[in-house]
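Input: a single structure, listed below in structure tokens.
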Protein chains: 2
Amino acid sequence: MAGASDTPLVLLHRPPSLDFMDEILSRNFRILNTDTSSEPLPIFLSRHASSARAFVVVGRFFVTAEILSYLPSLQLLVCGSVGFDHVDLAECKRRGVVVTNARNAFSDDVADCAVGLLISVLRRIPAGDRFIRSGDWEKYGEFRLGSKVSGKRVGILGFGSIGSFVAKRLEGFDCVISYNSRSEKPSVPYRYYSDILSLAANNDVLVLCCSLTEQTHHIVNREVMESLGKDGVIINVGRGKLIDEKEMVKCLVDGVIGGAGLDVFENEPAVPEELFGLENVVLSPHSGVATQGSLDNVAEITLANLKAFFSNRPLLSPVQLD
Amino acid sequence: MAGASDTPLVLLHRPPSLDFMDEILSRNFRILNTDTSSEPLPIFLSRHASSARAFVVVGRFFVTAEILSYLPSLQLLVCGSVGFDHVDLAECKRRGVVVTNARNAFSDDVADCAVGLLISVLRRIPAGDRFIRSGDWEKYGEFRLGSKVSGKRVGILGFGSIGSFVAKRLEGFDCVISYNSRSEKPSVPYRYYSDILSLAANNDVLVLCCSLTEQTHHIVNREVMESLGKDGVIINVGRGKLIDEKEMVKCLVDGVIGGAGLDVFENEPAVPEELFGLENVVLSPHSGVATQGSLDNVAEITLANLKAFFSNRPLLSPVQLD
């Protein structure tokens, strides 16, 4: 067994509920957990983490230039997420910090969530559940009709592993799939639209599975929603800022679009209160990845990246910094 | 255009919201709607419907021996449903009344609903929606983990068109499918269990898609639920009486099973109030078939059966009376 001095120090930030990761990681590393001290974070990091070469961030902790400035020895940032819009990638690059993400650890679960939200919105599942729990079914009888899922035209924005998993699932429902991504993928059998306006105009449902970048910020704007039309439904399992949320709320209230299933929001955990009273939306607390199966996968790829780094082997899921 | 006297009289019972059917049917028939009179039903039927040779019943109106006794000319009963446990089939047979059902008009929608409920229970979608709408996400942060859908072992009880459509959909989620039905189906590629106890013991989720008969009444009893186990989930899109509902409530409250997604109940629209406070159930107001697409299909097959009957051609979807 390696002595404490031989065991690399790894800084860890994680949500309180994910304490199972401490045990897994501490089999191979000395873990310094950011929440073990009552000191303000800058002081804590300066005092205890200045020698840390690796930092594991699970959840949406913002890794800013300031945070990085307290970690002068940092060489590796392991993100336990697929997206990394909470990380100042430019500053990481400048400092020579390599970043890894969770690759496709969540793809199954996020795709399941997307399809679950799609059916929930169209078939009004949470609305039906409320209808019964409030006693209204017994009191008033008939519940308002939902909309058919089978055969719907579904446009997928972003066709990485999550997008392709959504498509695979929806084929079983005889949905007609098309997609938009940075470039057409020759191996994908679905129709490609080179811009999101045509994708919206030619589909009944838009599923957002792309990453958030400068190019995709507010990519779903009022014009896109008008193209999607009054029966159209948006499912967002990507990032909140893919949609102009203020405009989306108006479009939902005014019937410019038909409905939405939202797992992500612009200012989580704040959700626009106007949505709370709407029957045509299903709201989900960023739980696309929230299963034990996903967490096990994250722990696994995190450990694998750390082991690779400390033994000078290639990382499993490096993020391109450019 | 045929004169009124040549146009066959068709008695119709339907929910108020389905008035679109009147117009479709009245293009070819004289429609006598049961809800057009304030007379008590027996008097109304005796006075106005004694010459009716065909009766269309959409929804769960109970066609009892008494009702049939007021319809001496009846030869055809067209049910706008797949199940017909609301019809006294023995009395129909005795009177020589032929019965038709909606065949697979709803199969797509019911299968979509089953999968929607399955994802909703495992991934806690309506619970998450409540969590946000109540303001708890912003107040308390983290939401409790759901359970993975992908890869789950799903046992389907009843492998007609709905069961096979559920299986087709769940293949896209890499679920492992098995089934039980009256007999093994050589053309079905999934594992067959000859009894429901083994089906329950070897699966994570049970999906009930069989019809209600004397043999299937309370087929899901306490013993079956104990076999399914504490993480097991029941999805019921068949009929409420397939499950011993009183025992199911106890099993859900006591954690004998993990959860349930229920579109049907023993005494609809009454739902056991103990379920209203449970987080591990999703309740749906018998809306498995409730889309305009399904209703259009019902109108179509109803019309086709009526036309076939009145022109002495073979019926499209006769029910075996034995």
Side-chain angles (χ1 to χ4, degrees), chain A residues 15-17 108-109 111-113 115-117 119-120 122-126 128-135 137-139 141-151 165 168-174 263 268-271 273 275-277 281-287 290-295, chain B residues 15-17 108-109 111-113 115-117 119-120 122-126 128-135 137-139 141-151 165 168-174 263 268-271 273 275-277 281-287 290-295:
Chain A
S17 59
D108 270 324
D109 277 344
D112 293 349
C113 175
V115 176
L117 287 173
I119 305 174
S120 290
L122 290 173
R123 298 300 302 273
R124 313 187 67 237
I125 292 176
D129 186 78
R130 279 195 296 275
F131 186 69
I132 293 183
R133 287 179 197 247
S134 65
W137 192 24
E138 203 168 349
K139 217 180 297 167
E142 270 182 86
F143 181 62
R144 203 159 65 77
L145 288 183
S147 176
K148 212 174 176 68
V149 172
S150 294
F165 286 6
K168 180 182 156 199
R169 283 153 178 70
L170 290 176
E171 279 204 355
F173 297 78
D174 297 327
D263 188 46
E268 297 169 12
V271 174
E273 283 194 21
L275 298 178
F276 292 7
V281 298
V282 176
L283 307 172
S284 173
H286 202 144
S287 50
T291 75
Q292 192 57 51
S294 272
L295 297 182
Chain B
S17 59
D108 271 324
D109 277 344
D112 293 349
C113 175
V115 177
L117 287 174
I119 306 175
S120 290
L122 290 173
R123 298 300 302 274
R124 314 187 66 236
I125 292 176
D129 186 79
R130 279 196 297 274
F131 186 69
I132 293 183
R133 288 179 197 246
S134 65
W137 192 25
E138 204 169 348
K139 218 180 298 169
E142 272 182 85
F143 181 62
R144 204 159 65 78
L145 288 182
S147 176
K148 213 173 175 70
V149 172
S150 294
F165 286 7
K168 180 182 155 200
R169 283 153 179 71
L170 290 177
E171 280 205 354
F173 298 77
D174 297 328
D263 189 46
E268 298 169 14
V271 174
E273 284 195 21
L275 297 177
F276 292 7
V281 298
V282 176
L283 308 173
S284 173
H286 203 145
S287 50
T291 74
Q292 191 58 50
S294 271
L295 298 182

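Keep in mind that the numbers below use all heavy atoms, side chains included, and drop hydrogens, waters and symmetry copies. Protein chains get the first letters and strands the later ones, always in sequence-line order, with residue 1 at the start of each.
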key: Contacting moiety of B/F173, where chain A heavy atoms sit under 4.5 Å   = both
ask   = In chain order, what residues pass the salt bridge (Lys or Arg N to Asp or Glu O under 4.0 Å) check against B/D129, with sequence neighbours excluded?
value = A/R130, B/R133
Chain B contacts, top residue of A/P126, A/S294, A/G135 (heavy-atom pairs, under 4.5 Å) = A/P126
inquiry  = Is A/S17 in contact with chain B via its backbone, its side chain, both, or neither, using a 4.5 Å heavy-atom distance?
reply    = both
query = chain A: which of B/L295, B/D109, B/V282, B/D263 shares the most heavy-atom pairs with it under 4.5 Å?
reply = B/D109
ask   = Closest approach of B/K168 and A/G172, non-hydrogen atoms and distance?
value = CE-O, 3.5 Å
ask   = Under 4.0 Å between a Lys/Arg side-chain N and an Asp/Glu carboxylate O for A/D112 and B/K148?
value = no
query = What's the spacing between B/W137 CH2 and A/E268 CD if we round to 0.5 Å?
reply = 4.0 Å
message = If we define contacts as heavy-atom pairs under 4.5 Å, which of B/V281, B/L170, B/L117 has the most with chain A?
response = B/V281
ask   = Going from CD1 on A/I125 to OG on B/S287, what distance comes out if it is rounded to the nearest 0.5 angstrom?
value = 7.5 Å
key: Side-chain donor or acceptor of A/R123 paired with backbone N/O of B/T291 under 3.5 Å   = no
ask   = What part of B/S284 is in contact with chain A, defined as an atom under 4.5 angstrom from a non-hydrogen atom: side chain, backbone, both or neither?
value = backbone
key: Which portion of B/Q292 sits near chain A, non-hydrogen atoms under 4.5 angstrom   = both
ask   = Non-hydrogen atoms of chain B under 4.5 Å away: do they reach the side chain of A/L283, the backbone, both or neither?
value = both
remark   = Counting heavy-atom pairs under 4.5 Å with chain A, the top scorer among B/G293, B/C113, B/G116, B/G146 is B/G146
remark   = Separation between OG (A/S150) and CZ (B/F165), nearest 0.5 Å, reads 8.0 Å
inquiry  = For the CD1 atom of A/I119 and the CD1 atom of B/I119, what is their distance to the nearest 0.5 Å?
reply    = 4.5 Å
task = Please round to the nearest 0.5 Å and tell me the distance separating atom CD1 of A/I132 and atom CG of B/L275.
result = 9.0 Å
Beyond-backbone contact of B/E142 with A/P16, side-chain heavy atoms, under 4.5 angstrom = yes
